[in-house]
Amino acid sequence: MDKILIKGGKRLKGDAAVSGAKNAALPILAAGLLSRGEHRLLNVPKLMDVVTIKRLLNHLGAAITDDDPDGCTVRMTGLNRCEAPYEWVKTMRASVLVLGPLVARFGEAKVSLPGGCAIGARPINLHLMGLEKMGAEITIEHGYVAVKARRLKGARIYLDPASVTGTENLMMAATLADGVTVIENAAREPEVIDLARFLTQCGAKINGAGTDTITIDGVESLDGSGTYRIMPDRIEAGTYLAAAAITGGEIFVRGCIPRHLDAVLLKLREAGVEIREEPDGARAVSSGRIGAADIKTLPYPGFPTDMQAQMMALMTLSDGLSVVTETVFENRFTHVAELRRMGAEIKIQGNNAIIKGAKRLSGAPVMASDLRASASLVLAGLAAEGETEIARVYHLDRGYERIEQKFSNLGADIQRIKPSV
Ligand code: EPZ
């Protein structure tokens, strides 16, 4: 397994181009299953999770060609399976996103239950409740969920909590249902809007994406074709802005949409970082001083749970006391033990982490445990004195494209070490 080696202490300066959003690309690729057209997707990030879902779609019989440097063409004419096996789902729970499209298009789907992951149990009960309300017959056996429906019917579905992929799965399923579906307390994340835009281009009738009530008027088939550009990754963008803050540098994150990051920009400014919102991105300028700030993760437009670990890394070097409260997932503090090994002073009380800013962090060998926890260890390593070696960086590769090259271009002393054979 690859490792990443960082010699910390460099002030990062320069431009970082943000890639396409992982959490928009995954549902949009799954949504291709609904359509009989041909779609060219641009700004598709080169990430392990995207490779995984493409493999799953090819397993189902889709034809996906990576025909240009930043995109792919998706044709779903040759679909001949409706089963997503455990081997795919266990590596990436977002594989569950094929469930809604498959049962809507073909009347049946069989998907391995995702199981938990490092950050929590990650159930899919809301996905299944919604499909049941739409008339599907659900059976769970041998670790798989089988869903059958001659044709889904429009229904009124209330989600609690406002699950992101739950909203996406049900919105996709409803595009081909007989009648109108209303999803209430829907997730409002920008990635939901991006998916709705793609589905509309395919011929779906959707209103309200981005609000807490989404109305989908089902149609007989989705025959539209075309080219669609995936939105920029707001979490990758936030991670690079936090890197400027933690290293006392200046980074322009090109291609991000600042308004997608309002809650993150607010907290970075509270921590004393100068943020300049520019037409094609956002710039973070740090004086080197980091002020304490309290963070509470919430569904969008609240502070994103996917930026919690990165902001915690920043707070370990603040000049005061910060409280980070994680309200979305039940076990999203796996980075704390590793940050402590680097000298961070963090106390956990339930879903609160109390961070007393330290003067410095010291580099150490640490272990990545999930995607965003890995990102926080990279940030800490960039600021720490001495060398930090991060193991299990496959977690990072799931959600960050060419992270060591992008940080190296910003002046970081960072390299990927391949295992000696
Ligand atoms: C999406 O996960 C993202 N993944 C996550 O990003 C992100 O952290 C999360 O939304 C929250 O913003 C993708 O979009 C592929 P949820 P998702 O369903 O949809 C509970 C990353 O790092 N819940 O909104 O799985 C659940 O347990 C990843 O890129 C149910 O109880 O998250 C959690 O407590 C990590 N029943 C809460 O809802 C359900 O049926 C929010 O989960 C579904 C969810």
Side-chain angles (χ1 to χ4, degrees), residues 19-31 45 47-50 52-53 56 89 91-100 111 113-133 138 140 145 147 157-173 183 185-195 212 230-231 233-239 260 263-264 297-310 326-332 334-335 351 368-376 395-401:
S19 302
K22 168 177 82 81
N23 292 348
L26 296 177
I28 286 172
L29 279 160
L47 300 169
M48 277 319 294
D49 275 7
V50 172
T52 301
I53 201 160
L56 171 57
V89 181
T91 52
M92 183 187 66
R93 79 174 294 286
S95 308
V96 75
L97 284 164
V98 302
L99 188 61
V111 176
L113 285 166
C117 72
I119 63 178
R122 312 293 294 276
I124 60 166
N125 60 303
L126 297 175
H127 302 233
L128 302 181
M129 173 274 292
L131 290 170
E132 209 155 31
K133 276 188 172 263
I138 311 255
I140 292 180
V145 58
V147 184
I157 302 164
Y158 184 86
L159 295 179
D160 180 19
S163 163
V164 175
T165 50
T167 300
E168 292 166 344
N169 231 338
L170 296 170
M171 182 165 72
M172 289 190 281
I183 304 175
N185 197 34
R188 298 164 55 188
E189 272 68 4
E191 293 78 13
V192 173
I193 301 173
D194 216 35
L195 171 62
D212 61 4
I230 307 281
M231 64 174 267
D233 195 311
R234 61 194 170 98
I235 303 301
E236 184 195 19
T239 305
H260 285 168
V264 175
T297 66
L298 288 167
Y300 193 89
F303 189 92
T305 174
D306 292 348
M307 275 298 300
Q308 179 257 103
Q310 298 91 310
E326 173 58 56
T327 71
V328 176
F329 289 111
E330 64 266 34
N331 184 35
R332 206 167 197 179
T334 52
H335 42 287
N351 67 337
S369 55
D370 74 80
L371 169 53
R372 307 306 174 180
S374 324
S376 83
H395 289 295
L396 262 179
D397 295 334
R398 294 188 49 183
Y400 289 90
E401 190 178 329

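Remember, it's 1-based here, ligands and their atoms both numbered in the order they're listed. Just so it is clear, the structure is predicted and the values come from calculations on it, not from any experiment.
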Minimum-distance protein heavy atom relative to [atom]:
| atom | answer |
| --- | --- |
| atom 11 (C) of ligand 1 | T305 CG2, 3.8 Å |
| atom 40 (O) of ligand 1 | L126 N, 2.7 Å |
| atom 6 (O) of ligand 1 | D306 OD2, 3.0 Å |
| atom 32 (O) of ligand 1 | F329 CZ, 3.8 Å |
| atom 36 (N) of ligand 1 | N125 OD1, 2.7 Å |
| atom 2 (O) of ligand 1 | R122 NH2, 3.5 Å |
| atom 18 (O) of ligand 1 | S163 OG, 2.7 Å |
| atom 25 (O) of ligand 1 | R93 NH1, 2.7 Å |

Check your understanding: So Q310 and I235, side-chain contact (heavy atoms from CB on, under 4.5 Å) or not? Walk me through it.
Key -> CA-CA 10 Å; Q310 298 91 310; I235 303 301; 3.9 Å; yes

Check your understanding: Side-chain contact, heavy-atom cut-off 4.5 Å: V111 with I124?
Key -> no

Exercise for review: Answer whether the closest heavy-atom distance between the side chains of M129 and L159 falls below 4.5 Å.
Suggested key: yes

Exercise for review: Check each atom of ligand 1 against the heavy atoms of R372 and keep those under 4.0 Å away; list them by number with element.
Suggested key: 21 (C), 22 (O), 29 (O)

Check your understanding: For ligand 1, which atoms have a heavy atom of H127 less than 4.0 angstrom away?
Key -> 40 (O)

Review point. Hey, does the side chain of S19 reach the backbone of E401 with a donor-acceptor pair shorter than 3.5 angstrom?
Key: no

For [X] and [Y], test the side chains for any donor-to-acceptor distance below 3.5 angstrom and give the result as yes or no.
| X | Y | result |
| --- | --- | --- |
| R372 | Y400 | yes |
| H395 | D370 | no |
| Q308 | T297 | no |

Exercise for review: Compute the shortest N/O to N/O distance between E168 and ligand 1 and return yes if it is under 3.5 Å, no if not.
Suggested key: no

Of the choices [options], which has the non-hydrogen atom that lies closest to [atom]?
| atom | options | answer |
| --- | --- | --- |
| atom 35 (C) of ligand 1 | R332, E236, R398, M307 | R332 |
| atom 31 (O) of ligand 1 | A309, P123, A94, A21 | P123 |
| atom 17 (P) of ligand 1 | V96, T165, L47 | T165 |
| atom 3 (C) of ligand 1 | V328, V164, N23 | N23 |
| atom 23 (N) of ligand 1 | A30, A375, A162, P161 | P161 |

Point to revise | Given N169, N185, L126, N125, the one that forms side chain to side chain contact (heavy atoms under 4.5 Å, CB included) with S163 | key: L126

Check your understanding: Is the shortest side-chain N to carboxylate O distance from K22 to E236 below 4.0 Å?
Key -> no

Check your understanding: With a 4.0 Å cut-off, would you call D306 and R332 a salt bridge?
Key -> yes

Practice item. Pick one of side chain, backbone, both or neither for how K22 approaches ligand 1, counting any non-hydrogen atom pair under 4.0 Å. Key: side chain

Exercise for review: Kindly indicate, with the supporting measurements, whether the criterion side-chain contact (heavy atoms from CB on, under 4.5 Å) is fulfilled by L170 and H127.
Suggested key: CA-CA 7 Å; L170 296 170; H127 302 233; 5.5 Å; no

